A.B. asks: 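Let me give you the structure first, and then I'll get to my questions.
All values derive from a computational prediction rather than experimental measurement. Position 1 is the first residue of the sequence; numbering continues from there.
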Amino acid sequence: MKLKTALRAVVATGLTAALAALSTAAIPDVPVGIAKFVSHPALDDLERGVVDELTATVPGVRFDLQNANADMATAAQIARKFKSDKVRAAVGIATPTAQALASAIRDAPVVFCAVTDPVAAGLVSSYSGGGKNVTGTSDMTPVEAQLDLLSSLKPIRRLGHVYNAGEANSVKLAELVRDYCGRKGIALIEATVVNSSEVRAAVLAIADRIDGLYLGNDNTVFSAVNAVAEACLQKRVPLVTADPTSAETVPVLAALGFDYYRMGRATGRIVARVLRGEAPGSIPTYFPSEPAENSLVINLDVAARLGLSVPPETLAQATAVVSGGSVERRDR
């Protein structure tokens with residue numbers, strides 16, 4: 001009798017273990033690699049948006065989150081890691097990491113996130129379709145509207161622009177800034193940097209020769225945006241940027257651009273599509289166009305320190321206003 005009881009226990013234990021193994025095997029495993037070029041508020045929001053979207057829509061997804069720390073060699077190393085680990089999809093946040101992934105990975109989908117000009121960056125041949133295994137989202141920022149905003153806050157005769165000439169996205173934006181200044185009769189004072197440690201010195205080098213400073217979505221510069229804002233306040237130079245995310249906490253005069261968390265969610269939706277089997281080449285580059293995908297932040301505290309007044313019509317368009325050290329977010 002004891003022997004039968006023992007046998008039954010062994011069988012039951014084995015059955016339980018088998019069922020547990022079957023249950024575990026039934027759980028899908030969807031490894032997704034996400035690489036950002038450097039950590040700053042906009043790219044961090046993009047990463048968070050991608051993760052939140054995929055967590056909500058793709059069962060069994062797991063993430064390998066990597067940061068290249070603004071180093072191209074590290075970006076290439078991350079790309080090789082994703083390839084070796086056989087991720088089901090690789091997401092490149094910002095142009096340099098997206099380029100590294102697309103160069104290394106040819107047998108899995110690569111989805112770029114917030115690449116200003118994916119055609120110029122060599123990621124896709126046209127905006128209307130992806131490459132063989134590449135597609136994604138663009139943050140082609142509204143340069144003209146941003147510079148118009150700066151000019152509405154203070155008349156600009158000499159404009160400063162600091163960027164990394166080694167970033168393809170920044171080179172494209174620099175061309176747009178030059179074109180704007182040429183059409184408006186504004187003298188352009190440029191300064192280029194190689195890494196974030198050079199940014200503050202670059203700003204101070206031109207600060208006495210400019211009426212205002214513009215920062216596009218340059219990753220190297222934005223990794224030092226606090227230093228830029230401090231230098232501009234020190235020199236009483238109005239600063240307008242393309243990143244509303246950081247503008248809520250960093251003392252810039254104003255920022256007009258995309259809601260990067262929403263762009264991350266949009267990128268996540270594209271990743272989900274390719275994970276379900278849709279060919280990346282059939283998915284065009286996504287450009288944010290809805291009003292809810294854009295934000296305008298005005299900092300009245302900075303305006304007061306600079307002795308500037310914000311036109312009522314500009315203030316009325318703001319989605320967030322910083323005043324008295326607090327942020328008031330407004331309904332769109």
Side-chain angles (χ1 to χ4, degrees), residues 40-46 48-49 114 116 137-156 159-162 173 176-177 180 184 186 203 210-218 221-222 225-233 235-266 287-332:
H40 65 69
L43 299 196
D44 294 345
D45 265 8
L46 288 164
R48 186 167 58 89
T116 300
T137 60
S138 168
D139 65 340
M140 177 63 80
T141 194
V143 173
E144 182 154 354
Q146 291 159 345
L147 295 175
D148 283 345
L149 170 64
L150 177 54
S151 296
S152 74
L153 298 171
K154 181 183 179 181
I156 302 296
L159 175 70
H161 183 211
V162 179
L173 291 183
L176 298 177
V177 175
Y180 178 93
K184 299 289 185 176
I186 296 172
V203 172
I210 60 177
D211 302 310
L213 182 68
Y214 168 72
L215 297 185
N217 47 14
D218 182 290
V221 175
F222 265 105
V225 68
N226 283 285
V228 175
E230 290 169 5
C232 285
L233 284 175
K235 292 292 187 175
R236 298 182 62 79
V237 173
L239 169 62
V240 167
T241 82
D243 179 23
T245 301
S246 61
E248 292 192 7
T249 55
V250 178
V252 308
L253 175 59
L256 173 64
F258 300 118
D259 182 322
Y260 280 99
Y261 176 75
R262 288 176 182 264
M263 182 175 288
R265 297 290 300 233
F287 291 89
S289 58
E290 297 298 324
E293 295 176 297
N294 292 274
S295 299
L296 169 62
V297 178
I298 300 291
N299 192 315
L300 295 179
D301 295 340
V302 171
R305 290 181 63 175
L306 296 176
L308 300 174
S309 59
V310 178
E313 59 271 20
T314 302
L315 198 59
Q317 296 171 7
T319 55
V321 175
V322 180
S323 181
S326 300
V327 181
E328 175 199 351
R329 295 181 180 84
R330 300 177 172 182
D331 293 335
R332 298 175 185 276

A.B. asks: Please report the interatomic distance OH(Tyr214) to CG(Leu173), rounded to the nearest 0.5 Å.
C.D. replies: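 If I round to the nearest 0.5 Å, the distance is 5.5 Å.
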A.B. asks: If you look only at pairs with a residue in residues 235-247, which of them pass as a salt bridge (charged side-chain N to carboxylate O under 4.0 Å, His left out), with sequence neighbours excluded?
C.D. replies: Asp208-Lys235
A.B. asks: Has Asp301 got a side-chain atom pairing as donor or acceptor with Gly325's backbone, closer than 3.5 angstrom?
C.D. replies: yes
A.B. asks: If we ignore hydrogens and angles and just use 3.5 Å, is the side chain of Asp259 paired with the main-chain N or O of Tyr261 as donor and acceptor?
C.D. replies: yes
A.B. asks: Once you round to the nearest 0.5 Å, how far does OG of Ser246 lie from CG of Asn226?
C.D. replies: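 The OG atom of Ser246 sits 8.0 Å away from the CG atom of Asn226.
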A.B. asks: Is any side-chain heavy atom of Asn294 less than 4.5 Å from a side-chain heavy atom of Phe258?
C.D. replies: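 Touching, per the 4.5 Å side-chain cut-off.
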A.B. asks: How many angstroms lie between CG in Leu46 and OG1 in Thr137, if you round to the nearest 0.5 Å?
C.D. replies: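 So the CG of Leu46 and the OG1 of Thr137 are separated by 7.0 Å.
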A.B. asks: Could you give the distance from OG1 (Thr314) to CG (Leu296), rounded to the nearest 0.5 Å?
C.D. replies: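 It comes to 7.5 Å.
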A.B. asks: Is the backbone of Val321 close enough, under 3.5 Å, to the side chain of Glu328 for a donor and an acceptor to pair up by distance?
C.D. replies: no
A.B. asks: Can you measure from NE2 (His40) to CG (Asp45) and round to the nearest 0.5 angstrom?
C.D. replies: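 Rounded to the nearest 0.5 Å, the NE2-CG separation comes to 10.5 Å.
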A.B. asks: Hey, could you give me the OG1/CG distance between Thr141 and Asp218, rounded to the nearest 0.5 Å?
C.D. replies: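 The distance works out to 12.0 Å.
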A.B. asks: Is the closest side-chain heavy-atom distance between Leu43 and Phe222 below 4.5 Å?
C.D. replies: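 A side-chain contact is absent here, since even the closest heavy-atom pair is not under 4.5 Å.
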A.B. asks: I'd like to know if the side chain of Arg305 and the backbone of Leu233 have a donor-acceptor N/O pair within less than 3.5 Å.
C.D. replies: no
A.B. asks: Does any N or O in the side chain of Asn299 come within less than 3.5 Å of the main-chain N or O of Leu253, such that one atom is a donor and the other an acceptor?
C.D. replies: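 Side chain of Asn299 to backbone of Leu253, a donor-acceptor pair under 3.5 Å: no, none is there.
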A.B. asks: Set out, in order, the CA-CA distance, both residues' side-chain angles and the distance that settles side chain to side chain donor-acceptor pair (under 3.5 Å) for Tyr180 and Asp148, then state yes or no.
C.D. replies: CA-CA 10 Å; Tyr180 178 93; Asp148 283 345; 2.6 Å; yes
